[in-house]
Amino acid sequence: MFRSGCHSLRQFRNYTRGLSTKSALKGEPKYTDTINLPKTKFPARLSAEKRTEVQDRLRKTCFSELYAWQRENLPAEKEFILHDGPPYANGDLHMGHAVNKILKDLILKHKIVSGTKVHYVPGWDCHGLPIELKALEAYGKKHKGAGQRLDPLKVRELARKFALDTIEKQKIEFEQWGVTADWTSRKSWYRTLDVGYISAQLKLFQELFAKGLIYRDVKPVYWSPSSQSALAEAELEYDEAHKSPSLYLKMRLTAGDGCAEIARILQSNERISAIIWTTTPWTLPANQAICYNPSLEYSLVRSETSQELLLIGSELISYVSEQTQTNLEQIAAIPGSELGSIRYRHPINGEELPFLSGEHVKSEKGTGLVHTAPAHGPDDFLVFLDRKIPVRSLIDEAGCYNKQAPDFLRGKFALTDGNQLILERLQNDTMACGVIEHSYPIDWRTKKPVMLRASDQWFINTDRLKESALKAVEQIDIYPHSSADVSKKVLCGQLQKRPYWCISRQRAWGVPIPVVYEKSSTKPVVHPDIIENLCEMLEKTGNVDFWWSTDVAELVPQRVLDELQLTHQDLVKGSDILDIWFDSGISWLSVLGGEQKADLYLEGLDQFTGWFQSSLLTSVAARNESPYRALFVHGFAVDEKGMKMSKSLGNIISPKDIVKQYGCDTLRWWVAAHAIQNVSIPVSHKLLGSSAENLQKIRGIMKYLLGATSEVVDSRIDLSNLTHVDQYFLQQLCLFHDTVFSLYDSYQYNKVSATIVTFCVSTLSGFYVHLIKDRLYCGSDKQFHNLQAILAQTLKVLCKVLWPIAPFLVEESWSYSGREPFFKSSQRLDFTPPPVSNVTPIIEQALNLKRHVFQRNQMDVNTWLLAVDATVSQDTLHLLQRVHPMLNEPQMDSELCEILQVGSLILRETKDGQQHRSVKVDKLDQQLCPRCRRYALHPGSGMTSAHVCQRCKQVLKAKTT
């Protein structure tokens, strides 16, 4: 059994305490005072209460000045810009916030400790429906439901207060996590409700309008009846188990002059119906055409249950037959090119309507004929837009049928009552009706179904931006690199399929779209002088509420009226606000200005459809380039079972609770170790406990290093006095430093944390400290001071690599050295690899021999009492002679004995060049020195107070002279 003695401070103290007691009992002198015992007041552990006290102190004494210090002291020519995506100011921080903000801070602190100045301005997204709804909910509870009857100004007052209160709470918690920023100065962070931010936004709106990139039009957009507002793609979620009607409906043909076969049959008074398929029967009252594809072939078929003929796509006969459970017999084939003159009768209002060609009609499913309601579908809308046919809209803001709808539908909610009433009305024209379960968009806030609905909205012309945006994406880097190709395809795919971007919303809490309209024509008036006037008013009032309280006469300067030849009475101000994705997407304008580009944007992967995209499009629109050089994408926090965290499931673990129980560094370590490996980031007390345990191991090692280097006078390493073990360790220390910082540079934080733990536990503690303990504790002063210098260098490197992840631990430990904060210390950069020889082959062979020795040893004794006789090959012997010069006879004080941790070693060469290795292990019959417990006393000297080993005798003599 291998007992290596003591290689931790606690073990050594116990050992020396026992040694002194035994010596005292025999009347022998105490040697404890002659041993270089590590000394430090740095505590091995902290209670939760003490840890909180230490963290609070460090925040005030260290981290509060960190951002300003690095801006003033690090070189200006090297600057790294990380632009902060604004968290939403609508509630308490959760684990997603922790992942995001701590990942950003790992990057910032890595750059700072590497000597690079950082530019980081934290911000908040302050507008939008979630904040408005929470503010109204709180007001409604307090005033018994009155929140839904408030005027816009009161809504804005409540929402603003809610957002500002939330920002203050979130800011305090970000500070607690040690996030690097100037949290004390209001000018050092941005909010989308700030005067300067809104002014820049209004001016950009006018600029893009002047370029023709922003325009107003009637188009179908995602509309949320529950929010009564248009929604962006990024504001949608999808219910994968939504159930909708699956209706196959007959539309009776009335004319077919351009198609001889259909015209002949209709003239014979035989009935023909086109078959369409829809899962949105509520849109049928708005049907204005049937679309076909002229390149497809169509067929007249006859059903076994009906004598009328049916018109469907030829390739879909068997599909429709299967879906409707009806046998269909083909009667005649008709080229799609002949359908252009066919007309049909609307089954509800009796109106005669056309067949229109459309390339969006496919033959994969359906019937090959598409029910077309341009008010409720983008493809349908484009067909009508090309032909300049007016669009019929029958749905109001609440999702109910308006006064233009048929009598039996007016006032009914389209998605529920509308579907049912229409199905009942069309029973006689129904070929088949069932239920389909499919993915359906829902409002991400209210979780209620949305609809496509045509309305007057403001849009950004993304078609004009796509080419430039896609070229910009090709130039950016995406991290992690392992998923970069997939991530880039996702971003490009989202850009390519986006038809337009609706940037108007119908709510109160947001930035008003700075437009007035001519009453007679509803023509929008966007003018730079109006924008300039609004910005001046904004500067005077401090917020943009005046838009809702001020008359048009104050909003529009007289010079604009004169230019337009209008009066104030001819105009009305708009009531829409800007989409929050436009609101937050232009943050680069306020934070980076017109010229700068961020080195990095870092957010969750959902921002490919959100902030990454809106930032890219607005920057390309304004300055024809991306606002970022690189993107870093992370996943989402889930519980240990992979479930999304929610109050209803009761599986929430909050960052605040983690900090209270484990400390800030544990939260940060968990982020580093787990946040970039998978899309789902597991959060569990098991993983948090493991993170805390790793930090505790490192804390113990730092305590040891502090104790061993507490009285270091000269930290310079004497290269002439290095053993092979010292040289090997210094090589490993350099490799460790370079490896970790290479991993930091490529944002591989999981590998950083793993590398730190492996080095500390294995290379540093398990190998080096274990092997040098005799020289460090009991060796000469010359040996001791050189080992001190090596360990002092090790402490600096360990602090440097650990500081980005566990800054509280580093600064706390560094404070026990009596020096300034670590981040200010010039020693954080002072690491020059010492010029040592490559001794790795020697050490590897020595460690290989050590494994063989302890495989052979079966004795439960102190290893310094082992005598080893080893026979090795010539090649191995050539290397081992560097650390054990004497051959074929026992040697007790060689460096190889130190590596093997044995009392005696005979090294021999195998005969006749054989490669076979043999090892014999015996026990030495001798007493160990009472001071060092390594070297044996001379035979026959006995255990008297006057005798120690020869080495210790020389050391003690040197200490007394």
Side-chain angles (χ1 to χ4, degrees), residues 8-10 40-64 66 92-99 101-103 105-106 109 168-180 183 637 639-640 645 647 650-675 681-707 753 756-757 760-761 798-799 802-817 821-822:
S8 74
L9 187 57
R10 176 180 57 81
T40 179
K41 294 182 179 180
F42 180 66
R45 290 183 177 274
L46 291 178
S47 65
E49 183 179 353
K50 184 65 176 176
R51 185 172 55 235
T52 300
E53 178 187 322
V54 169
Q55 289 174 172
D56 289 343
R57 172 174 58 80
L58 290 173
R59 268 191 291 273
K60 295 174 183 176
T61 58
C62 288
F63 299 120
S64 63
L66 170 59
D92 295 335
L93 295 180
H94 51 68
M95 292 305 290
H97 292 106
V99 168
K101 272 294 192 287
I102 291 173
L103 280 175
D105 196 55
L106 295 180
K109 284 190 168 63
E168 190 58 30
K169 293 176 184 177
Q170 292 186 355
K171 182 176 75 70
I172 291 171
E173 207 163 343
F174 289 148
E175 288 184 82
Q176 289 176 340
W177 299 346
V179 175
T180 304
W183 299 108
D639 69 11
E640 56 189 335
M645 291 187 171
K647 290 181 180 179
N651 62 349
I652 289 178
I653 301 178
S654 76
K656 189 175 293 185
D657 292 339
I658 292 173
V659 169
K660 184 177 180 181
Q661 182 175 352
Y662 299 101
C664 290
D665 282 337
T666 295
L667 177 63
R668 296 173 66 94
W669 187 277
W670 169 82
V671 170
H674 301 285
I681 308 168
V683 187
S684 69
H685 285 288
K686 181 179 179 180
L687 292 175
L688 291 165
S690 176
S691 297
E693 182 181 344
N694 283 331
L695 282 170
Q696 185 57 46
K697 290 177 183 176
I698 296 171
R699 184 183 186 89
I701 290 166
M702 295 183 80
K703 178 179 175 66
Y704 182 88
L705 294 175
L706 282 168
S753 58
I756 291 174
V757 170
C760 288
V761 173
L798 183 55
C799 286
L802 190 61
W803 189 71
I805 300 178
F808 291 95
L809 174 58
V810 170
E811 293 294 356
E812 180 198 357
S813 64
W814 197 255
S815 69
Y816 281 82
S817 66
F822 178 75

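The analysis underlying the following values was restricted to heavy atoms, covering all of them including side chains, and did not include hydrogens, waters or symmetry mates.
Of all non-hydrogen atoms in S684 and I653, the two that sit nearest each other are CA-CD1, 4.1 Å. The two residues V659 and C664 make their nearest non-hydrogen contact at CG1-SG, 3.6 Å. Looking at every heavy atom in both residues, V54 comes nearest to L46 through CG2-CD1, 4.2 Å. For the pair L58 and F808, the tightest heavy-atom approach, listed with the atom from each and the gap, is CD1-O, 3.3 Å. A pairwise comparison of heavy atoms in K109 and G178 identifies NZ-O, 2.5 Å as the closest pair. Residue R668 comes nearest to L106 through the heavy atom pair NH2-CD2, 4.1 Å, listed as atom of the first residue, atom of the second, then distance.
The cationic group of K703 does not satisfy the cation-pi geometry with Y816, failing either the under 6.0 Å distance to the six-membered ring centre or the 45° limit from the ring axis.
K169 has no carboxylate O lying under 4.0 Å from a charged side-chain N of E173, or vice versa, which leaves the two without a salt bridge. Salt bridge annotation for K656-D92: absent, with no cationic side-chain nitrogen under 4.0 angstrom from a carboxylate oxygen.
Ring-plane geometry between F822 and W803 is classed as tilted, the angle between the planes lying from 30 to 60 degrees on a 0 to 90 degree scale. Ring-plane geometry between F174 and W177 is classed as perpendicular, the angle between the planes exceeding 60 degrees on a 0 to 90 degree scale with a lower cut at 30.
To the nearest 0.5 Å, atoms CG (L66) and OG1 (T180) are separated by 4.5 Å. If you take CE on M702 and CG on L809, they are separated by 5.0 Å, rounding to the nearest 0.5 Å. Here CG of D657 is found 11.0 Å from CG of L688. Values are rounded to the nearest 0.5 Å. Rounding to the nearest 0.5 angstrom, the gap separating the NZ atom in K660 from the CZ atom in R51 is 11.5 Å. I805 CD1 to D105 CG: the interatomic distance, rounded to the nearest 0.5 Å, is 11.0 Å.
Using a 4.5 Å heavy-atom threshold, the side chains of V179 and E175 count as separate. V683 is not listed as a side-chain neighbour of E640, based on a closest heavy-atom distance of 4.5 Å or more. Side-chain atoms of I756 and C760, non-hydrogen and from C-beta on, do get closer than 4.5 Å to each other. When side chains are defined from C-beta on, L667 counts as touching P655, because their heavy atoms get closer than 4.5 Å. Between Q661 and H685 the shortest side-chain heavy-atom distance falls below 4.5 Å.
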Verify salt bridge (charged side-chain N to carboxylate O under 4.0 Å, His left out) between R57 and E53, making sure each step is shown before the conclusion.
-> CA-CA 6 Å; R57 172 174 58 80; E53 178 187 322; 6.0 Å; no
Could you check L705 against F42 for side chain to side chain contact (heavy atoms under 4.5 Å, CB included), going step by step and ending with a plain yes or no?
-> CA-CA 11 Å; L705 294 175; F42 180 66; over 6 Å; no
Side chain to side chain contact (heavy atoms under 4.5 Å, CB included) between S64 and W183, intermediate numbers included | CA-CA 8 Å; S64 63; W183 299 108; over 6 Å; no
Could you go through the side chain to side chain contact (heavy atoms under 4.5 Å, CB included) check for W669 and L802 one step at a time?
-> CA-CA 10 Å; W669 187 277; L802 190 61; 3.8 Å; yes
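Side-chain atoms of H97 come within 3.5 Å of backbone N or O of H94 as a donor-acceptor pair. With hydrogens and angles disregarded, a donor-acceptor distance shorter than 3.5 Å links the side chain of R59 to the backbone of Q176.
For the side chain to side chain contact (heavy atoms under 4.5 Å, CB included) with M95, the qualifying choice from I658, I681, D639 is I658, the only one to do so.
Legend: side-chain hydrogen bond (donor to acceptor under 3.5 Å, both in side chains) pairs involving residues 689-701, not counting sequence neighbours, sorted by first then second residue: R699-E812.
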